[in-house]
J.: 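The structure follows.
Because the structure is a prediction, the values reported are computed rather than measured. Just so we're on the same page: letters track the sequence lines, and every chain starts at 1.
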There are 2 protein chains.
Amino acid sequence: MRLSQTAEYALRAALHMAEHDGGTAIPVGDIAKSLGVPRNYLSKILHQLARAGVLVSTRGPGGGFRLRDSPDQLTLAEVVSPVDPIADERRCLLGREECSNINPCAAHGRWGAIAESMRAFFFETTLADLATRGGKESRRKQAIP
Amino acid sequence: MRLSQTAEYALRAALHMAEHDGGTAIPVGDIAKSLGVPRNYLSKILHQLARAGVLVSTRGPGGGFRLRDSPDQLTLAEVVSPVDPIADERRCLLGREECSNINPCAAHGRWGAIAESMRAFFFETTLADLATRGGKESRRKQAIP
DNA sequence: TCTATTTATCACATAATCATGTTGAATAGA
DNA sequence: TCTATTCAACATGATTATGTGATAAATAGA
């Protein structure tokens, strides 16, 4: 009942880039060392994010990965979804086919509210919101007060 | 970001038993057929629940599984935890060591509220609350309005 | 051009999850 | 006691998640 390891790495790496944002690319090795996560594995994850358009990769000396957009324009959902199917369609906690929005099961309403708040958190929160570096912590919308 | 397949099976099976409660044991085969899940796999899951004290198993003709307690005395957490570590300690969404309740990261507070509501849902909701069969839908506490 | 740096990609290794099949043990009832 | 029923236990396989290592490709700069 939590983020996959992969998604967690992706999020922490993106956050690290947001916090050390300078428009300059950061090598995988540096990020891996900072976060204390396996280098090669992180490399693959960042590559996935690059293919998804969340990051930009540059090869060769001075290369590395950087965020495609500014941190206040990237939601957690955008970072996580390429590696972990977040907020999927079936809102029903149980896998019941007979349960839908039209004919909801008892869990539907009560769990639905929680699922919705989770969805909102991932889709409304930006990297800038979570970055610890002081300064311009602009945020988009605020679903959770 | 959802229950494991195993936990979902456990929950659905327990719910099925709550809805067909008569103090009588139900064979795995019947439950598996009703839920449309693999029989042998469900058997192992129910066995785990029995060892955890959530279910009682009876062998031989007329045997099967039944709930140890009445549905309004069994929380979702009790059913799910034997097969899926739910609501674990680390409240921090990211795996940051430097993040604790004393020195929280930016995600901490906002995500913490959601994590807490999830925890409450699993620990305060009983099988009776989710059982669709009409009648005595007694509930313990109501954390989520 | 040559070299150092860095991502991209491929091939595995390992463990967990998900699932199936088979056999053994217990038990109710004839 | 015999038999059908049912859980218990074990072995095994498939798939996915997680992680490692080696090599190829790109590129900046001397």
J.: Hey, is the side chain of N40(A) pairing donor to acceptor with the base of dG21(D) inside 3.5 Å?
T.: yes
J.: Check this one for me: any side-chain N or O of T6(A) less than 4.0 Å away from OP1 or OP2 of dA17(D)?
T.: no
J.: Both Y41(A) and G62(B) contact DNA chain D. Which one's nearest nucleotide lies toward the 5' end?
T.: G62(B)
J.: Considering only dA28(D), dT20(D), dC18(C), which nucleotide approaches the side chain of P61(A) most closely?
T.: dA28(D)
J.: Quick one: Q48(B) CD to dT17(C) C1', roughly how many Å, whole number?
T.: 12 Å
J.: Check the phosphate of dT18(D) against Y9(A), side-chain N and O only, distance under 4.0 Å to OP1 or OP2. Yes or no?
T.: no
J.: Over how many whole Å does the gap from I26(A) atom CD1 to dT7(C) atom C1' extend?
T.: 15 Å
J.: Does a side-chain N or O from S57(A) land closer than 4.0 Å to OP1 or OP2 of dT7(C), or not?
T.: no
J.: Rounded to whole angstroms, how far apart are CG on L46(B) and P on dA8(D)?
T.: 9 Å
J.: Determine whether any donor atom in the side chain of R59(A) lies under 3.5 Å from an acceptor atom in the base of dT7(C), or the reverse, and answer yes or no.
T.: yes
J.: Looking at dA19(C), dT5(D), dT7(C), which one has an atom nearest to any side-chain atom of P38(B)?
T.: dA19(C)
J.: Would you confirm whether T125(A), through its side chain, and F121(A), through its main-chain N or O, come within 3.5 Å as a donor-acceptor pair?
T.: yes
J.: Specify whether Y9(B) and Y41(B) have parallel, tilted or perpendicular ring planes, treating 30° as the upper limit for parallel and 60° as the lower limit for perpendicular.
T.: perpendicular
J.: Can you spot which of L127(B), L49(B), L46(B) makes a side chain to side chain contact (heavy atoms under 4.5 Å, CB included) with M17(B)?
T.: L46(B)
J.: Let me know, please, whether T58(A) or R39(B) comes out on the 5' side of the other along DNA chain D by nearest nucleotide.
T.: R39(B)
J.: To the nearest Å, how far apart are L3(A) CG and dA17(D) C1'?
T.: 14 Å
J.: Just wondering, do F65(B) and V28(B) contact through their side chains at under 4.5 Å, heavy atoms?
T.: yes
J.: Side chain of K44(B), heavy atoms from C-beta onward: which of dG21(D), dG19(D), dC10(D) has the nearest atom to it?
T.: dC10(D)
J.: Could you tell me the separation between the CG atom of L42(A) and the C1' atom of dT20(D), rounded to a whole number of Å?
T.: 14 Å
J.: If the test is side chain to side chain contact (heavy atoms under 4.5 Å, CB included), which one of T75(B), V79(B), L76(B) qualifies with F122(B)?
T.: L76(B)
J.: Could you check how far CD1 of I45(B) sits from P of dA9(D), rounded to whole Å?
T.: 16 Å
J.: Phosphate oxygens OP1/OP2 of dC7(D): is one of them under 4.0 Å from a side-chain N or O of H47(B)?
T.: no
J.: Can you check the L55(B) CG to dC7(D) P distance for me, whole Å?
T.: 11 Å
J.: Find the distance R51(B):CZ to dA8(D):P and express it as a whole number of Å.
T.: 9 Å
J.: dT6(D), dT7(C), dG19(D): which one has an atom nearest the side-chain heavy atoms of P27(B)?
T.: dT6(D)
